[in-house]
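Chain A is the first sequence line, chain B the second, and so forth, proteins listed ahead of strands; every chain is numbered from 1.
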There are 2 protein chains.
Amino acid sequence: MKKITIADVAKQAEVSKSTVSQYLNKRYDYMGEKTKKRIQKAIEELGYQPNFVARSLKQKSTKTIGVIVANILHNFTTEVTRAIEDACHGADFHTIICNADDDPVKEKHYIEMLRAKQVDGLIIFPTGDNRDLYQQMLDASYPVVFLDRKVEEMPVTAVMLDNERAAELAVDHFAEKGYERVSLMTTSIFNHVTPRMERIEGYRSALRKNGLAVEEEYIVSADQDEMQEALEKLLQTEQPPEAILAGNDLVLIEVLKYVKHKGLRVPEDLAIIGIDDVSFASFYTPSITTVAQPTFKMGRMGAELLLDKIDKKDKQMSPFYRFEPKLMVRDSV
Amino acid sequence: MKKITIADVAKQAEVSKSTVSQYLNKRYDYMGEKTKKRIQKAIEELGYQPNFVARSLKQKSTKTIGVIVANILHNFTTEVTRAIEDACHGADFHTIICNADDDPVKEKHYIEMLRAKQVDGLIIFPTGDNRDLYQQMLDASYPVVFLDRKVEEMPVTAVMLDNERAAELAVDHFAEKGYERVSLMTTSIFNHVTPRMERIEGYRSALRKNGLAVEEEYIVSADQDEMQEALEKLLQTEQPPEAILAGNDLVLIEVLKYVKHKGLRVPEDLAIIGIDDVSFASFYTPSITTVAQPTFKMGRMGAELLLDKIDKKDKQMSPFYRFEPKLMVRDSV
DNA sequence: CTGAAAGCGCTTACAG
DNA sequence: CTGAAAGCGCTTACAG
């Protein structure tokens with residue numbers, strides 16, 4: 001079955017391709033009623049579907065954006081991504097999601113591939129290790145928005161959580177409940193990922209603010225597959241912490257696994273707060289106190305900022321947008 | 001900054017566009033070494049990036065597939081989608097994911113939009129209500145694979161769970177543990193969604209096989225927002241069930257919320273099995289017995305089947321692929 | 001009010 | 001071994 005093109009429609013309707021094109025683009029300004037009807041009829045009879053690729057080539061817009069996430073396994077990422085898709089859908093844009101898997105090489109490959117595919121802009125959860133590429137996009141004024149993380153010295157619009165505040169909310173809550181020995185666990189900080197560094201910073205200053213000592217051994221970063229070991233080590237010391245702040249959802253899961261495995265009681269033996277309001281927090285037993293990120297708002301904001309840039313409604317935007325975390329008080333502390 | 005095109009490279013390297021194109025496509029057959037070098041040099045100097053859209057127009061292949069899921073909120077969907085993306089990535093294909101939100105109108109819109117964008121094929125979790133469109137794609141031999149669900153009388157390759165077996169595994173396990181009054185809860189069956197219908201069927205026959213009575217009141221289907229009410233009604237009868245089979249992850253969550261709210265003990269007051277091996281099943285308290293779907297395998301198979309079709313390696317494939325569910329025995333029954 | 005023509009950035013059969 | 005030319009399916013400035 002041969003593809004129907006605009007030429008076929010034109011022939012069938014006995015008008016020129018130009019006129020059909022005008023019709024398709026709803027530039028009816030001076031178009032005769034009968035012409036419209038004829039074209040409409042021809043389109044229906046032939047079952048014509050415009051070829052978006054051809055249009056994209058000419059118009060230099062694919063109505064598609066790319067989203068490169070650092071790691072799709074985070075619940076946060078999934079939710080933000082969903083919000084981005086929703087917002088884009090509203091603007092008739094498609095999204096191509098790519099998972100860099102925390103690997104700068106993959107990230108580079110995706111950036112290049114997506115740009116070759118002429119996506120109109122990119123939302124990136126940057127690994128941070130492709131500064132030259134980021135810079136190149138900046139220089140070319142190619143529309144980019146960073147999400148969740150920023151890259152030092154790169155004036156790229158970034159949508160982020162107020163991470164220090166997130167850690168502070170948790171530490172304050174622990175302090176309020178009388179806990180003094182509070183640990184912070186995060187996944188690897190090898191790449192100096194913004195949220196992790198900032199959460200550690202916020203944790204430190206919040207402890208000080210509450211007159212609590214900062215024990216360096218209580219700050220632990222480990223890869224997910226080493227987390228059980230790290231927990232064992234952390235909790236088998238002379239003076240183990242009474243409370244743990246899990247730096248993200250994956251850490252929280254590891255903590256809960258450990259707790260279950262060891263038969264610890266929460267919060268009696270160990271109090272827990274997790275950053276990221278995971279789905280099961282509310283109906284877990286005990287229900288888990290969390291610090292929620294406004295994932296939906298953040299995703300939408302990221303998408304809107306990018307779409308504005310694409311639309312040149314840019315007008316010198318402030319580079320960083322910070323979002324307020326929210327403490328969800330439940331029973332685990 | 002003007003876009004660099006193949007013409008610029010050709011000029012810089014003092015060869016023709018054709019030759020550059022050959023080079024890009026690695027058709028080196030008769031290309032002189034110095035020519036290659038010159039082109040390579042020009043590409044680097046200019047920072048040339050091929051325009052994939054132009055190539056797509058000519059080659060009639062976008063190296064992109066579309067995935068239209070019925071409802072992205074299911075954990076199953078997220079996992080399958082991830083597997084599809086992985087498999088496609090391996091074949092240098094991109095994926096555009098669209099969420100039809102169980103709405104046939106949205107589904108139609110997405111199918112048309114993606115085809116206009118000339119995606120090379122489509123994986124669809126069909127709502128089932130766009131038979132004409134499905135048929136049209138079949139007639140045009142456009143590459144399509146259904147996932148999770150099939151559509152009656154549509155000979156479209158479909159990748160599905162052995163749903164009857166999934167229900168049977170659960171019922172057998174309940175029976176083995178001595179439970180006699182077993183309920184099955186599913187989300188709405190308004191559209192006769194394949195897995196739900198088949199699970200109900202499997203549940204019925206497994207009860208019979210185990211010599212247990214089929215109580216029609218124990219088979220309940222409700223939308224998510226009516227689930228609590230439905231549970232209340234189900235469990236406040238004269239002879240309430242002692243066990244519930246949650247038809248999917250969303251139902252399971254509603255059941256757990258109810259249980260927590262009412263302070264029921266699991267499995268003493270109510271035994272539970274969920275179809276879909278949710279992330280928290282293993283570290284929930286009590287840990288939840290589930291029937292796992294091989295989401296990764298199913299997604300990969302769907303992608304491979306589609307890529308084969310696109311590649312015309314089709315050769316009359318069997319229309320349905322069934323995957324074996326697996327019982328994950330834990331503490332909730 | 002409508003059409004002929006050029007062009008978007010590639011690829012490819014063909015000529016030499 | 002390499003190049004000129006046509007063409008993929010559209011859009012758009014311009015002419016009439």
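Here A:E112 pairs with A:K108 under the salt bridge (charged side-chain N to carboxylate O under 4.0 Å, His left out) rule; sequence neighbours left out. By the side chain to side chain donor-acceptor pair (under 3.5 Å) test, B:R322 pairs with B:E198, sequence neighbours left out. Partners of B:S16 according to the side-chain contact (heavy atoms from CB on, under 4.5 Å) rule, which considers only residues two or more places apart in sequence or in another chain, are B:S18, B:T19. Residues that satisfy the side chain to side chain donor-acceptor pair (under 3.5 Å) test with B:R55, not counting sequence neighbours, are B:N25. Partners of B:K17 under the salt bridge (charged side-chain N to carboxylate O under 4.0 Å, His left out) rule, at least two apart in sequence or in another chain, do not exist in this structure. Judged as a salt bridge (charged side-chain N to carboxylate O under 4.0 Å, His left out), and not counting sequence neighbours, B:K63 has no contacts.
Distance, B:I4 CD1 to C:dC8 P: 14 Å, rounded to whole Å. Remark: P of D:dG9 and CG of A:D8 are 9 Å apart, rounded to the nearest angstrom. Taking atom NZ on A:K117 and atom C1' on C:dG9, their separation rounds to 17 Å, with Å as the unit.
Among pairs with a residue in residues 112-145 of chain B, those fulfilling ring pair (Phe, Tyr, Trp, His ring centres under 6.0 Å) read B:Y134-B:F146, at least two apart in sequence or across chains. Here ring pair (Phe, Tyr, Trp, His ring centres under 6.0 Å) pairs that include residues 5-26 of chain B, with residues two or more places apart or in two chains, are B:Y23-B:Y28.
Contact between A:K106 and A:N99 at its shortest, heavy atoms only, is CD-O, 4.2 Å. Listed here is the closest heavy atom pair of B:L114 and A:H94: CD2-CE1, 3.8 Å.
Under the 6.0 Å cut-off for aromatic ring centres, A:Y110 and B:H89 qualify, their centroids lying closer than that.
Using a 4.0 Å cut-off on heavy atoms, the residues of residues 47-64 of chain A that approach DNA chain C are A:L57, A:K58, A:K60, listed by number. A heavy atom lying under 4.0 Å from DNA chain D marks the following residues of residues 11-25 of chain B, by number: B:V15, B:S16, B:S18, B:T19. Of the residues in residues 33-43 of chain B, none lies under 4.0 Å from DNA chain C by heavy-atom distance.
In A:E14, the CD atom is not crowded: 12 or fewer heavy atoms of neighbouring residues, nucleotides or ligands sit closer than 6.0 Å.
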With both pairing distances under 3.5 angstrom for Watson-Crick or G-U wobble, and | for a partner in another strand, the correct string for DNA chain D is |||.||||||||.|||

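Salt-bridge annotation for A:D102 and A:R149: present, with a side-chain N of the basic residue lying under 4.0 Å from a carboxylate O of the acidic one.
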